Amino acid sequence: MEDSSNSNSRGFLNTSGVSDRNTEFSPLERVTPRSKPLSVFGSSAHKSSEEDSLGIDDPFVRSLEWGDVSLRQWLDKPERCVDVFECLHVFRQIVEIVNVAHSQGIVVHNVRPSCFVMSSFNHVSFIESASCSDSGSADSLEDGPVSHKKREDAGSYNNILERQVEKLEEEKKQPFPMKHVLAMETSWYTSPEEEFGSTSTCASDVYRLGVLLFELFCPVPSREDKSRTMSSLRHRVLPPQILLKCPKEASFCLWLLHPEPSCRPSMSDLLQSEFMTEPRDNLEEREAAIELRDKIEEQESLLEFLLMIQQRKQESAYRLRDTVSLLSSDIEQVAKRQLVLKQKGSSYSDLGFLEEPSTLLASRKRFRQVIPPEETDDEESQGRSTFLESSRLMRNFKKLETVYFLTRRRQLKAAASGKSLTRHSPLSSENGRGSEKSSVSNSAAPKDLSQNDSRQGGWIDPFLEGLCKYLSFSKLRVKADLKQGDLLNSSNLVCSLAFDRDGEFFATAGVNKKIKIFECDSIVNNNQDIHYPVVELASRSKLSSVCWNSYIKSQIASSNFEGVVQIWDVGRSQLVTEMKEHKKRVWSINISSADPTLLASGSDDGTVKLWSINQGASIGTIKTKANVCCVQFPSDSGRSLAFGSADHKVYYYDLRNPKIPLSTMVGHGKTVSYVKFVDSSTLVSSSTDNTLKLWDLSMSASGVNETPLHSFAGHTNLKNFVGLSVSDGYIATGSETNEVFVYHKAFPMPVMSYMFSNTDSTSGLEVDDASQFISSICWRGLSSTLVAANSNGNIKILEMVA
């Protein structure tokens with residue numbers, strides 16, 4: 001018996017579901033999965049020997065799984081209601097388990113709720129865990145009484161489990177704390193003859209079945225009532241409610257609880273009794289009904305899931321249908337325009353102005369890559385194929401598609417509200433390279449086509465113009481390197497670049513405290529070892545910004561780190577005026593193109609000052625709560641002004657009412673370092689949040705604009721001022737990767753980029769310096785040429801090429 005006890009000890013430790021590392025989990029609440037199965041005969045070791053000799057296959061003992069619930073826990077649920085069929089179903093399964101043991105001559109000591117678990121559909125299985133090891137393993141009918149040592153070992157097992165579940169039960173504060181119930185359960189399920197020291201027999205198991213039947217049909221709401229009721233049951237005194245509600249069950253229970261073992265029914269008598277056989281059909285029907293109901297619910301869940309998928313796919317199909325309809329309409333519009341243009345081209349050809357209509361494809365050929373043409377007689381088909389095979393077009397196809405639908409959505413929304421996007425479309429140019437082309441197209445188009453476009457196809461011209469410009473150029477080529485001879489100055493950071501009104505001269509200014517004026521064509525055409533400035537102006541402080549007067553060719557303004565704004569006469573190489581009203585560094589200055597006597601400056605002191613160049617004094621001040629980093633007048637008006645601030649916002653003011661901004665553009669995540677007008681109603685802002693944003697001022701009627709037309713991303717800009725310049729819809733900016741990036745206002749991805757080599761400006765040797773960045777950039781008027789400088793003082797003249 002000692003060996004049997006030790007074997008049972010190992011079985012308990014392996015199946016209790018409680019480990020030293022997780023003492024808060026009770027096997028009586030949720031049994032651990034894949035525990036070692038135990039026989040009704042006791043420990044697994046004992047079972048193995050018995051099965052080897054008897055050839056027993058136990059169908060009632062299985063591995064524990066997630067979701068199994070202890071029968072003790074199920075019985076003591078406070079909300080449990082007595083369902084006669086359910087209780088009989090549970091009881092019948094336990095009776096069959098005990099009968100299997102008895103048919104093999106085995107007495108089951110542990111016919112107690114804590115030794116059974118319930119799974120789905122109330123299927124009951126027997127386990128032997130710590131909670132049911134009070135009397136050791138089951139004994140054969142030939143075995144004598146259980147030894148005293150074995151009972152002591154079983155008691156120690158219960159003590160271990162009680163300590164393990166104590167903390168969890170105290171926290172949950174259940175009406176029936178498991179610690180108390182496990183301590184009492186042994187006495188409740190001990191037969192009268194066992195109390196007097198007699199040997200446990202099959203009749204003792206029948207007595208325990210009677211106690212279990214009573215617990216099934218008589219739920220008790222509180223611990224005190226439970227103890228009192230179970231004590232009365234020892235004397236075969238049943239509560240009145242079970243006698244009234246379940247008289248048949250009460251009578252059968254009393255038969256099983258007879259104090260004389262010989263008067264209790266045997267297992268065969270119990271199984272053949274009317275009580276056990278009568279409700280069998282009903283129980284099976286009920287179980288089948290439960291299973292059917294669960295299957296129906298499963299099918300309903302699957303049906304609901306499929307219907308949800310169908311609904312979402314139908315919604316996608318509706319949207320796709322609308323999209324295809326929109327595309328079909330647009331294709332029809334473009335085809336009509338193409339037909340009209342071909343007819344117009346045929347008429348010009350008849351007059352001798354145009355040799356063949358196929359030359360209308362010339363605009364496409366400007367941006368086609370050189371691809372070997374397919375052998376075909378259809379030149380138009382060949383051109384279209386080449387167009388679609390453009391690698392840059394296909395590489396950015398998704399982004400171009402997104403922009404197309406965004407443009408159409410805005411146009412449809414504007415049409416629904418009765419507004420027009422054609423006048424101030426951010427995709428259409430009002431000057432420069434695009435204006436000439438637009439004027440030719442507009443003059444060639446018939447009046448009815450123009451009227452039709454205004455109603456339905458107004459998006460075509462701006463989008464087509466943007467697409468053509470996006471594909472017209474593919475890279476930046478170096479036209480010239482500016483080689484300076486300032487070998488003694490180690491501080492060569494260029495903070496600002498600016499071209500004069502004619503694009504003939506450009507000025508550089510930076511931390512070397514000098515304004516240098518260079519002739520652009522001379523640098524491009526003359527490949528000299530060192531390029532000298534035609535004029536050099538010296539300042540007392542580091543320079544932050546320069547700006548040419550668009551009316552007076554020789555006049556240039558500058559600002560410095562001491563907060564001084566200066567006006568210079570380049571022709572005479574002398575300082576004309578100094579204006580010292582800012583209290584801190586001035587970051588940016590700008591002279592109005594519409595009113596060349598008006599200058600604006602933005603400073604770290606949180607103010608924007610308006611200056612009269614003729615008077616040499618400020619004529620107005622706009623106060624803000626943060627540092628002002630950039631200022632810009634629109635090209636066609638001196639009555640409005642935009643500036644960017646360290647509070648991440650862009651402000652647009654009508655200078656006739658400088659108390660409040662006309663519009664505030666919110667969307668950047670960090671300091672706004674530059675603002676530039678693309679046209680009279682559109683401006684672009686640059687920030688150290690890695691983005692440029694395009695804003696439509698006509699959409700700011702409420703005073704706050706939180707929706708930019710585009711966010712341009714591709715360059716890197718997290719801490720430095722990297723320059724910004726705009727020309728004919730092209731937007732050039734620097735990057736902290738020492739690259740120049742060019743965008744077009746129509747699309748959010750870069751058109752092209754160029755990387756500076758990391759060379760020392762004085763020695764010309766390459767250096768390993770990842771900290772170099774582009775510090776300033778400027779377009780040469782409306783041409784395809786720009787000048788860019790980096791933090792090491794290297795200056796390059798670049799040109800966009802196909």
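In what follows, residues are counted from 1 in the order of the sequence shown. Because the structure is predicted, anything quoted here is derived from the model rather than measured. Values reported hereafter were calculated over all heavy atoms of this structure, with side chains retained and with hydrogens, waters and symmetry mates removed.
T733 places a side-chain N or O within donor-acceptor distance of the main-chain N or O of G723, the cut-off being under 3.5 Å. Between the side chain of S472 and the backbone N or O of C468, at least one donor-acceptor pair lies under 3.5 Å.
Partners of N627 under the side chain to side chain donor-acceptor pair (under 3.5 Å) rule, at least two apart in sequence or in another chain, are D604. Partners of S685 under the side chain to side chain donor-acceptor pair (under 3.5 Å) rule, at least two apart in sequence or in another chain, are H668, W695. Scored by the side chain to side chain donor-acceptor pair (under 3.5 Å) test, T716 finds no partners at all (sequence neighbours excluded). Applying the side chain to side chain donor-acceptor pair (under 3.5 Å) test to R477 and every residue at least two apart in sequence or in another chain returns E799.
Scanning all heavy atoms of the two residues, the minimum distance from V672 to C629 falls at O-CB, 3.3 Å. Across every non-hydrogen atom of D728 and L782, the tightest pair is N-CD2, 4.3 Å.
Among T688, N690, D689, the single residue meeting the side-chain contact (heavy atoms from CB on, under 4.5 Å) criterion with L718 is N690.
Taking the six-membered ring for Trp and thresholds of 30 and 60 degrees, Y730 and F473 have ring planes more than 60 degrees apart, a perpendicular arrangement.
Listed by first then second residue, pairs satisfying side-chain hydrogen bond (donor to acceptor under 3.5 Å, both in side chains) with a partner in residues 646-655 read S640-Y652, S645-D647, D647-Y651, D654-R656, not counting sequence neighbours. Residue pairs meeting the ring-ring contact (aromatic ring centres under 6.0 Å, His included) criterion with at least one partner in residues 297-339, sequence neighbours excluded, are absent.
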